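Reviewing the structure listed below.
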Amino acid sequence: MRRAPQATGFLTARQRLLAWLGFVLVACQAPIAAKVLPDDSWLFSIVVALMVATVIMADDSMRRRPAAE
């Protein structure tokens, strides 16, 4: 049984790896910053993590589509 060819996403393999690394680092840093900082500037880390996660999910969605023939 042959699988349909998969489309490529807009991120290269290296960019995808760096996006995941950045997401994990920012997501781990946010709760630590929330405990250490007296103000609410740690919320910026949450926003950045959500933006990076959105890019990763969009790239994953493009990769799962069948390739255009």
Side-chain angles (χ1 to χ4, degrees):
M1 181 174 197
R2 244 178 83 197
R3 291 178 52 178
Q6 295 293 312
T8 58
F10 54 87
L11 294 176
T12 64
R14 180 177 172 89
Q15 289 172 333
R16 190 170 170 84
L17 178 67
L18 289 174
W20 271 107
L21 179 63
F23 171 74
V24 169
L25 289 175
V26 173
C28 292
Q29 182 261 344
I32 296 168
K35 289 187 185 260
V36 175
L37 297 175
D39 59 356
D40 290 336
S41 62
W42 58 271
L43 287 171
F44 183 69
S45 298
I46 302 270
V47 171
V48 171
L50 288 172
M51 288 174 45
V52 172
T54 303
V55 169
I56 292 170
M57 289 189 302
D59 181 65
D60 191 47
S61 176
M62 282 187 73
R63 287 175 188 268
R64 292 180 188 266
R65 290 183 185 166
E69 294 181 27

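When reading the values below, keep in mind they use all heavy atoms of this one structure, side chains included, and skip hydrogens, waters and symmetry mates. For clarity, every value in this text was computed on a predicted model and none was experimentally measured.
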Nearest-0.5 Å distance, [atom1] of residue [X] to [atom2] of residue [Y]:
| X | Y | atom1 | atom2 | answer |
| --- | --- | --- | --- | --- |
| T8 | R65 | OG1 | CZ | 11.5 Å |
| M62 | L11 | CE | CG | 9.5 Å |
| Q15 | T12 | CD | OG1 | 3.5 Å |
| R16 | I56 | CZ | CD1 | 7.0 Å |

Mind listing the side-chain donor-acceptor pairs of residues 35-53 below 3.5 Å, one per line with the distance, residues two or more places apart or on another chain?
unit_1, atom_1, unit_2, atom_2, d
D39, OD1, S41, OG, 3.1
S45, OG, Q29, OE1, 2.8

- Message: Please find the pair of heavy atoms, one from P31 and one from C28, that lie closest to each other, and give the distance.
- Response: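 Looks like CD-O, 3.4 Å.
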